[in-house]
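First the proteins, then the strands, lettered A, B, ... as listed; each starts at 1.
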Protein chains: 2
Amino acid sequence: MAVTMNDVARAAGVSLKTVSNVINNYEFIRPTTKQRVLNAIDELGYETNLTARSLRSGKTSMLGLVLADLSIPYYAELASDIMKAAWDRGYRVLVEQSGNEADHEKAALQGQFRSLTDGLLFIPLALDAEQIIEAAGNKPLVLLGEFVEDPRLDMVLIQNHSAAAAVTTHLLAGGRRRIAVLGANDGDTTGSNGLRLSGYQAALAAAGVEYDPALVVGCDWRRDGGADATARLLDSGVAFDAVFGLNDALALGALHELLVRGKKVPDDVAVAGFDDIDEARFASPSLTTVAPGRTEIAERAVELLINRIEAKGSISDVQQPEAAFSLRVRQSAP
Amino acid sequence: MAVTMNDVARAAGVSLKTVSNVINNYEFIRPTTKQRVLNAIDELGYETNLTARSLRSGKTSMLGLVLADLSIPYYAELASDIMKAAWDRGYRVLVEQSGNEADHEKAALQGQFRSLTDGLLFIPLALDAEQIIEAAGNKPLVLLGEFVEDPRLDMVLIQNHSAAAAVTTHLLAGGRRRIAVLGANDGDTTGSNGLRLSGYQAALAAAGVEYDPALVVGCDWRRDGGADATARLLDSGVAFDAVFGLNDALALGALHELLVRGKKVPDDVAVAGFDDIDEARFASPSLTTVAPGRTEIAERAVELLINRIEAKGSISDVQQPEAAFSLRVRQSAP
DNA sequence: ACTGGTGGATACATCGTTGCAGATGAGGCC
DNA sequence: GGCCTCATCTGCAACGATGTATCCACCAGT
């Protein structure tokens with residue numbers, strides 16, 4: 001049915017291997033021969049069977065990307081950047097949604113998904129470093145440093161601590177003293193939640209402002225999580241003049257709830273987030289947030305992973321590049 | 001390096017084919033033999049090589065999904081739903097971003113991308129029906145009826161006309177008479193823009209309200225497109241008491257711009273959109289919009305495509321199921 | 001005892017490529 | 001003229017699975 005190299009070879013009057021050589025840009029081919037083959041390819045409409053190539057060469061030229069859900073804007077935007085970066089280097093990306101469930105994450109690391117890809121980009125949410133190391137085979141693996149940090153694993157780091165401190169410092173500079181935090185629980189020290197919380201605490205300490213655990217509210221990192229948490233906070237009567245959502249979804253949920261409840265933003269309460277998703281710019285009021293360097297993260301991660309894949313032999317040290325962040329001051333916290 | 005069926009066969013003391021039979025749940029295998037094989041698989045940590053299976057069987061169990069860009073929320077949410085629907089039926093989804101460029105779309109339809117998938121889901125933006133038919137090979141293809149409609153192609157339809165009419169009717173019922181439209185140009189009749197515009201016009205006509213081309217502003221279907229268009233409208237001095245963004249991004253951009261300019265929404269100007277992306281619920285004020293049945297679209301499309309793939313032989317008529325829509329009345333246009 | 005049917009297992013070819021080793025032939029050099 | 005070199009091309013054997021055909025027991029039926 002499909003045209004194969006054999007057909008092309010016959011049509012061009014050369015051997016199958018020569019066709020293969022032409023396609024793979026083998027150096028020593030007479031220009032006339034090459035042209036003859038190319039013509040035949042054109043005429044027959046031949047297309048390389050990537051499956052066969054993969055089987056023979058042992059490479060699929062696909063990267064796996066494991067994340068919670070594409071419907072979450074930050075992941076969608078990150079995935080888009082990753083796919084572009086991969087494309088530029090001749091790789092495609094196969095996305096697997098884990099739904100933030102440990103089973104799915106494990107399955108993605110171990111399962112058949114792996115055999116389809118040359119390496120994995122992984123945004124762990126449910127698994128910890130130990131489980132990841134155990135579950136991951138010998139396939140190249142690069143983490144996107146959202147939640148897990150571990151010296152044994154390649155990963156691209158977000159400056160969770162510093163960036164959160166920068167946001168907090170900005171709010172403090174605006175005169176805010178009672179800054180609520182959404183998305184972490186008092187005492188968290190690991191993961192994005194813990195690291196961002198500690199950045200917040202450090203900034204408070206540096207400014208000589210007391211830390212009040214009552215201002216720290218844990219919840220799902222989604223818009224409705226932020227809205228609910230804000231509602232609880234308002235209902236509880238705890239006073240606050242700013243809200244720091246540990247990601248933009250939380251902040252946007254909080255923003256929504258505050259406005260619904262008749263609070264003025266930023267006059268009564270300032271709001272800031274983390275991620276700088278596209279939506280933040282167009283919220284009303286627009287959302288002050290910190291850009292963690294999404295495009296840089298995507299490119300570094302893809303580059304690191306592809307280096308691992310293509311330099312299989314050389315065992316080099318674990319790499320953990322860190323992406324630069326930048327504060328985006330907008331209306332919600334000027 | 002990797003464990004193959006051969007290794008398992010040797011370990012279990014059976015033939016390679018028996019291992020294959022066990023894995024593929026062949027009926028007639030002695031339970032003891034089966035157990036022996038399963039044990040060996042477990043011990044050796046064998047995993048099916050999907051590439052080899054694909055080569056031999058001619059199926060990749062992957063669906064291609066061609067869309068403009070995952071960073072656009074509606075596509076991201078749709079992609080997420082599609083991946084879930086496909087997963088349930090044992091297929092994976094390989095996403096290709098066309099960036100809304102004709103070349104990329106064509107390449108996706110023709111190129112190597114196709115050889116990796118059993119069939120394609122395609123959200124055409126740049127190509128028209130003629131070009132699609134020409135470029136598409138004999139691979140199963142299902143369009144997501146955003147922009148292109150054609151009786152020769154399988155597709156899942158959105159009720160562009162009726163849904164847009166419903167939104168317009170709702171705005172009219174709220175007492176609005178000067179409803180601006182963002183995202184179409186006067187005279188458009190095809191594509192989502194044209195169909196939605198004609199729905200708008202039909203609703204106006206039904207209510208006996210005159211159609212004013214000055215209220216129709218074409219622009220990119222993105223947040224900043226909507227913001228810019230709204231700015232131009234305001235600057236031009238054309239009076240309007242409602243804005244209908246032909247998708248939510250446009251409406252949210254408009255919302256943003258209106259609030260920036262000091263307009264009260266919905267008091268001065270009502271705003272409505274189209275798509276019901278997650279963000280719409282949490283905008284401030286929350287956005288009135290119409291849900292085109294995203295999940296249903298995803299499921300129908302996946303189902304239709306898989307039916308085509310698996311029932312290759314039977315040539316049946318072109319199918320064009322239509323998804324049900326529903327109006328979501330929120331604060332921006334109560 | 002012989003035939004036929006069936007459960008249970010196997011051998012071999014094959015999918016479409018690429019890696020490796022080798023064949024061919026035209027010059028160049030002594 | 002013979003030998004070596006090197007560009008150019010070819011043939012064969014994989015990669016790891018599955019489809020087809022076949023084979024071997026073993027039991028039922030006559």
(message) Between the base of C:dG19 and the side chain of A:Lys17, is there a donor and acceptor pair under 3.5 angstrom?
(response)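 Between C:dG19 and A:Lys17, which were checked side chain against base, a qualifying N/O pair under 3.5 Å is present.
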
Interatomic distance where [atom1] belongs to [X] and [atom2] belongs to [N] [whole Å]:
| X | N | atom1 | atom2 | answer |
| --- | --- | --- | --- | --- |
| A:Met5 | C:dT17 | CE | P | 5 Å |
| B:Phe28 | C:dT6 | CZ | P | 10 Å |
| A:Asn25 | C:dG19 | CG | P | 13 Å |
| B:Leu55 | C:dT18 | CG | P | 12 Å |
| B:Arg53 | C:dG16 | CZ | C1' | 18 Å |
| B:Asn6 | D:dA14 | CG | P | 12 Å |
| B:Leu16 | D:dG16 | CG | C1' | 8 Å |
| A:Gln35 | D:dC9 | CD | P | 13 Å |

In terms of side-chain geometry, is the basic nitrogen of [X] or [Y] positioned less than 4.0 Å from the acidic oxygen of its partner?
| X | Y | answer |
| --- | --- | --- |
| A:Glu96 | B:Arg92 | yes |
| B:Asp278 | B:Arg294 | no |
| A:Arg152 | A:Glu130 | yes |
| B:Asp69 | A:Lys84 | yes |
| A:Asp103 | A:Lys106 | no |

Residue-phosphate contact under 4.0 Å: [X] side-chain N/O, [N] OP1/OP2:
| X | N | result |
| --- | --- | --- |
| A:Tyr46 | C:dT17 | yes |
| B:Ser57 | D:dA17 | no |
| A:Asn24 | C:dT18 | yes |
| B:Thr33 | C:dA9 | yes |
| A:Thr18 | D:dT10 | yes |
| A:Ser20 | C:dT18 | yes |
| B:Arg30 | C:dG8 | no |
| A:Thr4 | C:dG16 | no |
| B:Arg56 | C:dT14 | no |

Base, sugar-phosphate alone, or nothing: which one does [X] contact when heavy atoms must sit under 4.0 Å apart?
| X | answer |
| --- | --- |
| B:Asn21 | base |
| A:Leu50 | nothing |
| B:Ile23 | nothing |
| B:Tyr26 | nothing |

(message) Can you work out whether A:Asn49 or B:Val19 has the more 5'-proximal nearest nucleotide on DNA chain C?
(response)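 Result: B:Val19.
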
(message) To check you understand the geometry: which heavy-atom pair defines the closest contact between B:Leu143 and B:Pro124, and what is its length?
(response)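 Smallest heavy-atom distance, with atoms named: CD1-CG, 4.2 Å.
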
